[in-house]
Chemist: 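One structure is given below, represented as structure tokens, and several questions about it will come after.
The basis for the numbers below is simple: all heavy atoms, side chains too, and nothing from hydrogens, waters or symmetry mates.
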Amino acid sequence: MTIRRFLQAWFQDRTGMALKRVGFGAVLLAAVVAVTACGTTTSATTGGSGNEPSEITIAAVSPPLSLDPAKNSNTAESQEYMDLAYEPLIKLEPDGSLGPGLASSWKYLDNSQTTFQLNLRSNAKFSDGSPVTAKQVVASLNHEKSAGGPVAVYVNTIKSATATGPHMVELKLIRPNPTIAFILTQRFLIGDIVGPKGTKNPESLGTTTDGAGPYMLDPSQTVAGDHYTFVPNPHYFEPKAVHFKKFTVRVIENPQATLSALQSGQVAFAKGSPQLAEAAKSRDLNVTSALSSWYGAFILDRDGEVDPALASPLVRQALNYATDRKGITQTIFGSSEFGKPTSEPTVAGYENEGYVPELEDHYPYDPSKAKELLAKAGYGNGFTVTIGASEAFGEGVQVAQALASDWGKVGVKVDIKQYPSIEAILPPWSEKKLPIVIGGYDAQPMYIFSEQALAPTAGLFNIWEASEPKLTSLIEKGYAATRPAQQGAAWAAVTKQVVELGWFVPYAAGATVYFSVSGLEGVEISPVAFGQNPNLLHY
């Protein structure tokens, strides 16, 4: 599990909102079960009248947090539901480029990059036949703001949205933002526009969808928490892109059960894992992957409030030198196809947005250098540090044990606090009882990462609200940069400073993995677009 699913759990814990993973009410569930208990789709495909099967079933590792984009979390798993029913303003293509969605074009209206204009296509309609208008796009963005869900952090970068014409929307941004087009894609959900029925009655989005995407939920063929069936939106603006008469997303939480379902033909596509990749290949399944996240230790107590030694940059650098990245990466990910050692908190694919190739090897494994730095910092005899870990978050316990072994060789004793679940580790984390936590983080532009993990207001990943003058200055320069050449250099400088400060101990860039049956096409991902868009799947 990486950052997006983790933040979903944190949001629930902090707000106390009843954002249960099953987005349907008990009354509806009872009614749906009565209708569909004997008719659940179990095969991956059913032959149609043409050459292409008329139905497809894919697997998801969990039910949706909600069917409302405003209350969902922007996980790759959520996209398997949201992308079917909701068309984004801007499409994130499999190669990471941006393409037209509901917006046919977009641009900044000023050199400061604080005013952004979207020109909407004129032929888009929601699944009830109502037109997609600028006024409704504004209503949907305002719904995202008022819902206060897990993705509100993204929509809150927009100060205001105004319809300046029937199909033209103008956004005022809180600061220069070179990533706003990226944020308005399906990856972050706020670009998934909800129709007038949904914005007028948000509660209805617990049991139905109201989007302008290629499909719409069919409640009569859906059992909450088990499977979700979608049928074509008769008003979709690009009917040739709708490949199936029925598209079912089946919830299978156990990885081995997923693998068996793929092999038996019950499902055609599913999220996979590096650990099961060889088994999948041996069963003639296709394996698609992209190095899209980074994994490691988040040093949270950067001012040394609980563990004083961590306040020293020399100590944090020593921990980085003391980490055998190659060894840990091999243990956790196996093949280099699924894991690559790194020292920086981003991955290749984010060139000009913070990724610096030479920083991957900034901290070679060097125990002697680590001991030298510890002695220079006044900890030549070592010290004890506490690490929080959960197997539910980035193979945390196994990684913590590996770090304990590595760091122990330079005199640093590790006290591992193990937690059985995400929900269990959240309280001590948010209560500042865990100076270091092990996990994974979906790579993003450094602009977004700064807001989520570096700024004093970042929240969970800077829970002690730490700041450092030079880093703060560099981040402000990044925010102020408005030309691409300036932005690339500015965010590269931020990444370099973060690495030198040792606020994190990354050990690997890790892969997002998908398994699919032979003959299924359209399985395409990249480091930037690593959530598979199910609308691309076809035979």
Side-chain angles (χ1 to χ4, degrees), residues 3 6-7 9-10 13-14 295-323 345 363 370-371 373-441 452-469 471-472 497-507:
I3 178 64
F6 192 89
L7 286 176
W10 181 63
D13 181 75
R14 288 288 295 268
Y295 293 79
F298 305 97
I299 298 180
L300 305 171
D301 186 16
R302 298 158 185 166
D303 293 328
E305 184 177 314
V306 173
D307 282 336
L310 296 179
S312 171
L314 296 176
V315 168
R316 299 192 300 263
Q317 292 167 3
L319 296 179
N320 271 280
Y321 280 114
T323 300
Y363 290 110
K371 290 180 179 179
L373 291 172
L374 287 173
K376 189 174 180 179
Y379 293 94
N381 294 324
F383 64 95
T384 299
V385 67
T386 300
I387 288 182
S390 171
E391 284 302 331
F393 185 38
E395 307 294 336
V397 174
Q398 191 175 3
V399 174
Q401 292 169 343
L403 290 177
S405 175
D406 288 348
W407 295 358
K409 295 173 184 177
V410 299
V412 178
K413 181 180 178 181
V414 174
D415 178 18
I416 302 174
K417 304 293 185 184
Q418 297 187 31
Y419 299 91
S421 65
I422 293 297
E423 289 74 18
I425 198 174
L426 284 173
W429 184 330
S430 59
E431 293 166 8
K432 302 181 181 179
K433 296 179 180 178
L434 299 176
I436 299 178
V437 173
I438 306 299
Y441 206 108
Q452 291 188 348
L454 305 181
T457 56
L460 191 64
F461 286 87
N462 191 2
I463 197 68
W464 265 278
E465 301 180 0
S467 64
E468 192 270 338
L471 179 61
T472 299
Q497 181 65 8
V498 169
V499 170
E500 291 181 347
L501 285 173
W503 276 15
F504 308 94
V505 184
Y507 72 86

Chemist: How would you list, by chain and number, every residue that makes a salt bridge (charged side-chain N to carboxylate O under 4.0 Å, His left out) with Lys433, sequence neighbours excluded?
Modeler: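 Salt bridge (charged side-chain N to carboxylate O under 4.0 Å, His left out) list for Lys433, sorted by chain: Glu431.
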
Chemist: The test is side-chain contact (heavy atoms from CB on, under 4.5 Å); show your working for Phe298 and Tyr441 and say whether it passes.
Modeler: CA-CA 10 Å; Phe298 305 97; Tyr441 206 108; 4.0 Å; yes

Chemist: Considering residues at least two apart in sequence or located in another chain, which fulfil the ring-ring contact (aromatic ring centres under 6.0 Å, His included) criterion with Tyr379?
Modeler: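 Tyr379 satisfies ring-ring contact (aromatic ring centres under 6.0 Å, His included) with Phe383 once adjacent residues are dropped.
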
Chemist: Would you mind writing out the side-chain donor-acceptor pairs for residues 406-415 within the sub-3.5 Å range, not counting sequence neighbours?
Modeler:
residue: Asp406; atom: OD2; partner: Asp324; partner atom: N; Å: 3.0
residue: Trp407; atom: NE1; partner: Leu319; partner atom: O; Å: 3.2
residue: Trp407; atom: NE1; partner: Thr323; partner atom: OG1; Å: 3.0
residue: Asp415; atom: OD2; partner: Lys417; partner atom: NZ; Å: 3.4

Chemist: Just by modelled atom types, is the Gln398 backbone N or O under 3.5 Å from a matching donor or acceptor in the Glu395 side chain?
Modeler: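 No.
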
Chemist: Given Ile436 and Val505, is the side-chain contact (heavy atoms from CB on, under 4.5 Å) satisfied, shown in steps?
Modeler: CA-CA 10 Å; Ile436 299 178; Val505 184; over 6 Å; no

Chemist: Quick one: sort the Phe393 and Trp429 rings into parallel, tilted or perpendicular, breaks at 30° and 60°.
Modeler: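 Taking Trp429 first and then Phe393, their aromatic rings sit tilted (interplane angle of 30° to 60°).
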
Chemist: Identify, with sequence neighbours excluded, every residue that meets side-chain hydrogen bond (donor to acceptor under 3.5 Å, both in side chains) alongside Gln401.
Modeler: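 Gln401 satisfies side-chain hydrogen bond (donor to acceptor under 3.5 Å, both in side chains) with no other residue.
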
Chemist: Using 0.5 Å steps for rounding, measure from the CG atom of Asn320 to the OH atom of Tyr507.
Modeler: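 Atom-to-atom, Asn320:CG and Tyr507:OH are 14.0 Å apart.
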
Chemist: Ignoring hydrogens and geometry, is there a side-chain-to-backbone donor-acceptor pair from Asp307 to Asp301 under 3.5 Å?
Modeler: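 Between the backbone of Asp301 and the side chain of Asp307 there is no qualifying donor-acceptor contact (under 3.5 Å).
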
Chemist: Would you mind reporting whether Val315 and Leu373 have side-chain heavy atoms less than 4.5 Å apart?
Modeler: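 Not touching, per the 4.5 Å side-chain cut-off.
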
Chemist: So which heavy atom on Ala424 is nearest to which on Pro428, and how close?
Modeler: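 Shortest heavy-atom separation between Ala424 and Pro428 comes out as O-CD, 3.4 Å.
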
Chemist: To check you understand the geometry: which heavy-atom pair defines the closest contact between Thr472 and Ser467, and what is its length?
Modeler: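 It is OG1-CB, 4.1 Å.
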
Chemist: Spell out, as yes or no, whether a donor-acceptor pair under 3.5 Å connects the side chain of Glu391 to the backbone of Val397.
Modeler: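 Yes: the side chain of Glu391 pairs with the backbone of Val397.
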
Chemist: Does the side chain of Thr386 reach to within under 4.5 Å of the side chain of Val306, using non-hydrogen atoms?
Modeler: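 Answer no - side chains too far apart.
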
Chemist: Taking all non-hydrogen atoms of both residues into account, name the closest pair between Ala318 and Ala370 and its distance.
Modeler: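 Reported closest heavy-atom pair: O-CB, 3.3 Å.
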
Chemist: What are the two closest heavy atoms between Pro345 and Val499, and how far apart are they?
Modeler: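 Scanning both residues completely, I find the closest heavy atoms to be CD-CG2, 3.9 Å.
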
Chemist: Can you list the residues that meet the side-chain hydrogen bond (donor to acceptor under 3.5 Å, both in side chains) rule with Glu500, with sequence neighbours excluded?
Modeler: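 Partners of Glu500 by the side-chain hydrogen bond (donor to acceptor under 3.5 Å, both in side chains) criterion come out as none, since no residue qualifies.
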
Chemist: For the residue pair Ser390 and Tyr419, what are the closest heavy atoms and their distance?
Modeler: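 Heavy atoms only, the tightest pair is OG-O, 3.0 Å.
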
Chemist: Where do Ile438 and Leu403 land on the side-chain contact (heavy atoms from CB on, under 4.5 Å) test, with the steps shown first?
Modeler: CA-CA 10 Å; Ile438 306 299; Leu403 290 177; 3.6 Å; yes

Chemist: Can you give me every donor-acceptor pair (side chain of residues 453-464, partner residue at least two apart or in another chain, under 3.5 Å) with its distance?
Modeler:
residue: Asn462; atom: OD1; partner: Arg302; partner atom: NH1; Å: 3.4
residue: Asn462; atom: OD1; partner: Glu465; partner atom: N; Å: 3.4
residue: Asn462; atom: OD1; partner: Ala466; partner atom: N; Å: 2.9
residue: Asn462; atom: ND2; partner: Leu454; partner atom: O; Å: 3.1
residue: Asn462; atom: ND2; partner: Ala455; partner atom: O; Å: 3.0
residue: Asn462; atom: ND2; partner: Ala466; partner atom: O; Å: 2.9
residue: Trp464; atom: NE1; partner: Glu305; partner atom: OE1; Å: 3.2

